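Here is the structure we will look at.
Remember, predicted model here, so these are calculated numbers, not experimental data.
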Amino acid sequence: VQLQASGGGLVRAGGSLRLSCAASGGTFSGSTFGWFRQTPVVEREFVAYISASGGSTYYADSVKGRFTASSDNAKGTAYLQMNSLKPEDTGVYYCAVGSVLSAVDRVYRYWGQGTQVTVSS
(Lines give C-alpha, C1' and ligand atoms only; values in the text may rest on other atoms or scores of the structure.)
Protein backbone atom coordinates (compact mmCIF):
# COMPACT_ATOMS: atom_id res chain seq x y z
CA VAL A 1 0.00 0.00 0.00
CA GLN A 2 1.26 3.44 -0.91
CA LEU A 3 -0.09 6.82 0.04
CA GLN A 4 0.75 9.93 -1.93
CA ALA A 5 -0.01 13.19 -0.22
CA SER A 6 0.02 16.46 -2.13
CA GLY A 7 -1.35 19.98 -2.10
CA GLY A 8 0.78 21.65 0.53
CA GLY A 9 2.34 25.04 0.03
CA LEU A 10 2.82 28.54 1.33
CA VAL A 11 -0.24 30.64 2.03
CA ARG A 12 -1.05 33.77 3.98
CA ALA A 13 -3.12 33.66 7.12
CA GLY A 14 -6.77 33.48 6.22
CA GLY A 15 -6.05 31.61 3.02
CA SER A 16 -6.96 28.10 1.93
CA LEU A 17 -5.28 24.94 0.77
CA ARG A 18 -6.59 21.57 -0.29
CA LEU A 19 -4.59 18.47 0.50
CA SER A 20 -5.04 15.19 -1.35
CA CYS A 21 -4.09 11.69 -0.31
CA ALA A 22 -4.14 9.06 -3.03
CA ALA A 23 -3.98 5.46 -1.88
CA SER A 24 -2.91 2.59 -4.10
CA GLY A 25 -1.94 -1.04 -3.85
CA GLY A 26 -4.94 -2.25 -1.91
CA THR A 27 -8.65 -1.94 -1.33
CA PHE A 28 -9.82 0.85 0.90
CA SER A 29 -13.58 0.72 0.87
CA GLY A 30 -13.75 -0.15 4.56
CA SER A 31 -10.82 1.93 5.68
CA THR A 32 -10.33 5.17 7.52
CA PHE A 33 -8.20 8.02 6.24
CA GLY A 34 -6.53 9.95 9.02
CA TRP A 35 -4.85 13.32 8.80
CA PHE A 36 -2.10 14.24 11.22
CA ARG A 37 0.44 17.02 11.36
CA GLN A 38 3.87 17.62 12.80
CA THR A 39 4.42 21.16 13.98
CA PRO A 40 7.38 22.93 15.57
CA VAL A 41 5.79 22.32 18.98
CA VAL A 42 4.03 18.98 18.57
CA GLU A 43 5.65 15.85 17.20
CA ARG A 44 2.44 14.45 15.80
CA GLU A 45 -1.01 15.88 16.22
CA PHE A 46 -4.33 14.48 15.10
CA VAL A 47 -6.18 16.72 12.68
CA ALA A 48 -9.12 14.77 11.27
CA TYR A 49 -10.31 11.43 10.04
CA ILE A 50 -12.85 10.30 7.54
CA SER A 51 -14.16 6.89 6.60
CA ALA A 52 -13.43 5.88 3.02
CA SER A 53 -17.16 5.93 2.36
CA GLY A 54 -17.30 9.49 3.63
CA GLY A 55 -19.98 8.67 6.15
CA SER A 56 -18.00 9.38 9.29
CA THR A 57 -15.79 12.32 10.09
CA TYR A 58 -14.17 13.70 13.20
CA TYR A 59 -12.02 16.76 13.75
CA ALA A 60 -9.62 18.09 16.31
CA ASP A 61 -11.07 21.06 18.17
CA SER A 62 -8.31 23.26 16.81
CA VAL A 63 -9.49 22.81 13.21
CA LYS A 64 -13.21 22.24 13.65
CA GLY A 65 -15.22 24.60 11.51
CA ARG A 66 -12.22 25.47 9.34
CA PHE A 67 -11.11 22.13 7.91
CA THR A 68 -13.29 19.68 6.01
CA ALA A 69 -12.34 16.12 5.20
CA SER A 70 -13.85 14.33 2.25
CA SER A 71 -13.20 11.15 0.34
CA ASP A 72 -13.73 9.57 -3.05
CA ASN A 73 -14.20 5.90 -2.34
CA ALA A 74 -14.01 4.88 -5.98
CA LYS A 75 -10.64 6.57 -6.38
CA GLY A 76 -9.25 5.60 -2.99
CA THR A 77 -8.50 9.24 -2.35
CA ALA A 78 -9.07 11.51 0.61
CA TYR A 79 -9.01 15.28 0.75
CA LEU A 80 -8.55 17.87 3.43
CA GLN A 81 -9.92 21.30 2.61
CA MET A 82 -8.29 23.83 4.89
CA ASN A 83 -9.84 27.27 5.14
CA SER A 84 -9.14 30.27 7.35
CA LEU A 85 -5.61 29.03 7.87
CA LYS A 86 -3.62 30.34 10.80
CA PRO A 87 0.14 30.49 11.35
CA GLU A 88 -0.23 27.81 14.00
CA ASP A 89 -1.49 25.44 11.30
CA THR A 90 2.03 25.40 9.87
CA GLY A 91 3.53 21.95 9.77
CA VAL A 92 4.03 18.78 7.81
CA TYR A 93 0.73 17.11 7.12
CA TYR A 94 0.51 13.36 6.84
CA CYS A 95 -2.25 11.13 5.66
CA ALA A 96 -2.62 7.62 6.98
CA VAL A 97 -4.86 4.65 6.40
CA GLY A 98 -6.21 2.37 9.07
CA SER A 99 -8.99 -0.11 9.62
CA VAL A 100 -10.84 1.67 12.44
CA LEU A 101 -12.11 5.15 13.12
CA SER A 102 -9.55 6.63 15.47
CA ALA A 103 -7.69 9.80 16.38
CA VAL A 104 -4.76 7.76 17.69
CA ASP A 105 -1.81 7.66 15.34
CA ARG A 106 -0.52 4.22 16.30
CA VAL A 107 -3.76 2.68 15.06
CA TYR A 108 -2.96 3.63 11.49
CA ARG A 109 -0.94 1.10 9.56
CA TYR A 110 0.04 2.97 6.41
CA TRP A 111 1.45 6.47 6.16
CA GLY A 112 2.18 8.88 3.36
CA GLN A 113 5.34 10.92 3.04
CA GLY A 114 3.92 14.20 4.29
CA THR A 115 3.37 17.54 2.63
CA GLN A 116 4.54 20.88 4.00
CA VAL A 117 1.99 23.56 4.83
CA THR A 118 3.32 26.98 5.75
CA VAL A 119 1.02 29.78 6.82
CA SER A 120 2.54 33.23 7.03
CA SER A 121 1.16 35.96 9.24
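- Here the CZ atom belonging to Phe46 is positioned 6.0 Å from the CZ atom belonging to Phe36, to the nearest 0.5 angstrom.
- Identified under the salt bridge (charged side-chain N to carboxylate O under 4.0 Å, His left out) test for residues 20-43, with sequence neighbours left out: Arg37-Glu45, Arg37-Asp89.
- Ser120 contributes atom OG, which lies 6.0 Å from atom CZ of Arg12 (distance to the nearest 0.5 angstrom).
- By the 6.0 Å contact criterion, NZ on Lys75 is open, its count of non-hydrogen atoms from other residues, nucleotides or ligands being 12 or less.
- At a threshold of 4.5 Å between non-hydrogen side-chain atoms, the residues Thr115 and Ser6 do not count as touching.
- In the model, Ser29 has no side-chain atom that pairs as donor or acceptor with a side-chain atom of Thr27 under 3.5 Å.
- Taking OH from Tyr108 and OG1 from Thr32, the interatomic distance works out to 5.5 Å, rounded to the nearest 0.5 Å.
- With hydrogens and angles ignored, the 3.5 Å screen pairs a side-chain donor or acceptor of Ser71 with a backbone N or O of Ser51.
- A 6.0 Å sphere centred on CD of Gln81 holds more than 12 heavy atoms belonging to other residues, nucleotides or ligands.
- When side chains are defined from C-beta on, Tyr79 counts as touching Asp72, because their heavy atoms get closer than 4.5 Å.
- Put simply, the side chain of Gln113 gets close to the backbone of Ala5: a donor and an acceptor are under 3.5 Å apart.
- Applying the under-4.5 Å side-chain rule to Ile, Leu, Val, Met, Phe, Trp and Tyr, the cluster around Phe67 extends to Val11, Leu17, Leu19, Trp35, Val47, Tyr59, Val63, Leu80, Met82, Leu85, Tyr93, Val117, Val119.
- Of all non-hydrogen atoms in Thr57 and Ala69, the two that sit nearest each other are CG2-O, 4.2 Å.
- Between Tyr58 and Tyr49, a ring centre-to-centre spacing shorter than 6.0 Å is recorded.
- Note: Gln38 CD to Gln116 CD = 9.5 Å, rounded to the nearest 0.5 Å.
- In this structure, Arg44 satisfies the cation-pi test against Trp111, with its NZ or CZ atom closer than 6.0 Å to the six-membered ring centre and inside 45 degrees of the ring normal.
- Tyr110 and Phe28 fall within a single hydrophobic cluster, where Ile, Leu, Val, Met, Phe, Trp and Tyr are joined by side-chain heavy atoms under 4.5 Å apart, directly or via other members.
- Rounded to the nearest 0.5 angstrom, Phe33 CZ and Ser70 OG are separated by 10.5 Å.
- Remark: the backbone N or O of Leu10 is not paired with any side-chain donor or acceptor of Thr118 at under 3.5 angstrom.
- Between Ser121 and Pro87 the shortest heavy-atom distance is CB-CG, 3.9 Å.
- Residue Asn73 holds its CG atom at 6.5 Å from OG of Ser53, rounded to the nearest 0.5 Å.
- The nearest pair of heavy atoms linking Val1 to Gly25 is CG2-O, 3.8 Å.
- Nearest heavy-atom pair across Asn83 and Ser16 is OD1-OG, 2.9 Å.
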